Protein chains: 2
Amino acid sequence: MGNNTNAKEKFIETAYKLFEVKGYNGTGLNEILKESGAPKGSLYYHFPNGKEQLALESIKLAGEKIIANLKRTLDKFDNPIDGIVYSTNEIAEIIDKNKKMHDMSISLIALETYDNSEVLRTACEKVFEAIENIYFQKLFDYGFNDDKAKELAVFISAMTEGAILLSLTRKNGEVLRQVGKQIKILTNI
Amino acid sequence: MGNNTNAKEKFIETAYKLFEVKGYNGTGLNEILKESGAPKGSLYYHFPNGKEQLALESIKLAGEKIIANLKRTLDKFDNPIDGIVYSTNEIAEIIDKNKKMHDMSISLIALETYDNSEVLRTACEKVFEAIENIYFQKLFDYGFNDDKAKELAVFISAMTEGAILLSLTRKNGEVLRQVGKQIKILTNI
DNA sequence: GTCTATAAGCAGATAGAC
DNA sequence: GTCTATCTGCTTATAGAC
């Protein structure tokens with residue numbers, strides 16, 4: 001019997017890379033097929049609901065990778081703000097080099113789908129919530145009370161997503177680095 | 001002689017509304033044509049470079065509207081931070097009501113085009129710069145020195161864009177309101 | 001300047017052989 | 001489970017009548 005798990009995973013891996021950079025509407029099924037080297041029939045066997053189902057799995061995968069990256073980085077530091085500044089600097093470097101999105105944000109697909117597909121919007125919402133929770137836990141463990149940690153986590157999530165957007169648009173990581181510096185100054189931790 | 005200016009402006013108005021919410025890749029030319037009530041030949045007469053040229057004009061128009069809104073709001077306040085908080089609360093209300101983008105951000109089209117079209121990327125970059133300059137001027141006029149005003153302007157731009165993204169994804173303006181509160185606390189102005 | 005007809009290609013999706 | 005052929009409809013764009 002053929003190994004269907006590998007074929008399915010290959011589709012998701014390929015799709016998630018393309019969706020993250022080119023977006024949901026900007027990526028055709030044919031492109032995903034070509035890149036993954038499989039025929040169309042196989043895709044629809046593994047994803048009966050077609051493109052939307054493939055995107056759903058892609059968003060979940062992207063979320064897992066983003067969360068894993070963020071956790072790994074924050075764990076290097078005791079002070080949460082130092083970890084966050086390091087994280088923004090890491091992303092800044094990637095943008096300086098690749099000038100492409102890669103395991104940093106699902107903002108594009110979130111903006112493309114929040115008004116069209118409740119399934120995909122909810123999936124994106126969950127990823128953003130998970131990111132916020134990582135920040136919250138780090139801040140809470142450091143000693144902030146529940147309310148303060150929650151407020152700061154929302155703030156840091158928004159700031160980071162915005163800085164990624166601006167840095168991508170400008171094709172350099174300067175905004176991310178400036179924002180990192182600024183949050184260090186403002187929070188004064 | 002026919003009034004070509006009106007026809008052209010009508011196209012831009014229609015396109016900008018659709019692009020802002022549905023995105024560049026998510027909006028077909030046929031949809032713009034149908035909504036504006038004009039035939040295809042007319043569009044290509046006014047925009048020989050097709051969709052990209054239409055999008056370029058749409059981004060410029062969106063930028064003008066966003067800037068005008070922001071200026072008008074900030075001018076109501078002497079204290080820049082109070083103006084910014086009011087502005088984020090305004091956007092939060094719009095999201096609570098409409099749950100759609102409308103004169104608040106070009107983030108979707110920026111993320112869709114930064115890697116495909118240098119023309120559109122540059123247009124988006126200019127809009128973000130203009131927004132940043134509005135914040136800078138307000139902060140500078142209030143008494144911040146040049147460097148500090150610049151740093152805060154970048155920070156506020158990023159934070160606002162990120163908060164809009166998260167609020168749209170969650171379909172409510174809570175993040176924007178929380179971020180507004182938080183920036184008031186952190187800057188302590 | 002305006003409008004219609006149409007081209008050429010790609011989109012997502014499906015049927016059915018193997 | 002895999003693969004091919006194909007369908008329908010939409011995409012951007014163009015040619016040419018008026």
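For the numbers below, each heavy atom of this structure counts, side chains included, while hydrogens, waters and symmetry mates do not. Proteins come first, then strands; the chains are lettered A, B, ... in the order of their sequence lines, and each starts at number 1. For clarity, every value in this text was computed on a predicted model and none was experimentally measured.
- The neighbour count for B:K51 NZ, taken as heavy atoms of other residues, nucleotides or ligands under 6.0 Å away, is above 12.
- Aromatic rings of B:F136 and B:F140 (six-membered ring for Trp) have centroids within the 6.0 Å cut-off, being under it.
- A cation-pi arrangement is present between B:K8 and B:F47, with the terminal nitrogen or guanidinium carbon under 6.0 Å from the aromatic centre and inside a 45° cone about the axis.
- Atom CG in A:N49 sits roughly 9 Å away from atom P in C:dT14 (whole-Å rounding).
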Stepwise salt bridge (charged side-chain N to carboxylate O under 4.0 Å, His left out) check, A:R170 with B:E132:
CA-CA 13 Å; A:R170 293 181 189 190; B:E132 198 181 301; 2.8 Å; yes

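- Atom CZ of B:F11 and atom C1' of C:dC3 are 11 Å apart (whole Å).
- Taking five base pairs at each end of the helix from C:dG1-D:dC18 to C:dC18-D:dG1 and finding the rotation axis that steps the C1' atoms of four pairs onto the next four gives two axes whose angle is 10°, to the nearest 10°.
- At whole-Å resolution of the value, CZ in B:F47 and C1' in C:dT2 are 15 Å apart.
- The number of heavy-atom neighbours closer than 6.0 Å to NZ of B:K100, taken from other residues, nucleotides and ligands shown, is 12 or below.
- Between B:L111 and A:M101, some side-chain heavy-atom pair lies under the 4.5 Å cut-off.
- Between A:K10 atom NZ and D:dG1 atom C1' there is a gap of 17 Å when expressed in whole angstrom units.
- Straight-line distance from the CG atom of B:N6 to the P atom of C:dG1: 11 Å, rounded to whole Å.
- Remark: P of C:dG12 and CG of A:L18 are 12 Å apart, rounded to the nearest angstrom.
- Following rounding to the nearest Å, A:H46 (NE2) and C:dG12 (C1') show an atom-to-atom distance of 18 Å.
- Annotation: side chain of A:V127 is not in contact with side chain of A:I67 (no heavy-atom distance under 4.5 Å).
- Within the 4.5 Å cutoff, side-chain heavy atoms of A:E64 are placed close to those of A:L61.
- With a 6.0 Å radius and a threshold of 12 heavy atoms from other residues, nucleotides or ligands, B:K181 has its NZ atom at or below the threshold.
- Contacts between residues 27-44 of chain B and DNA chain D, defined by a heavy-atom separation under 4.0 Å, are made by B:T27, B:G28, B:L29, B:N30, B:K40, B:Y44.
- Between the P atom of D:dT11 and the NZ atom of B:K51 lies a distance of 8 Å, rounded to the nearest Å.
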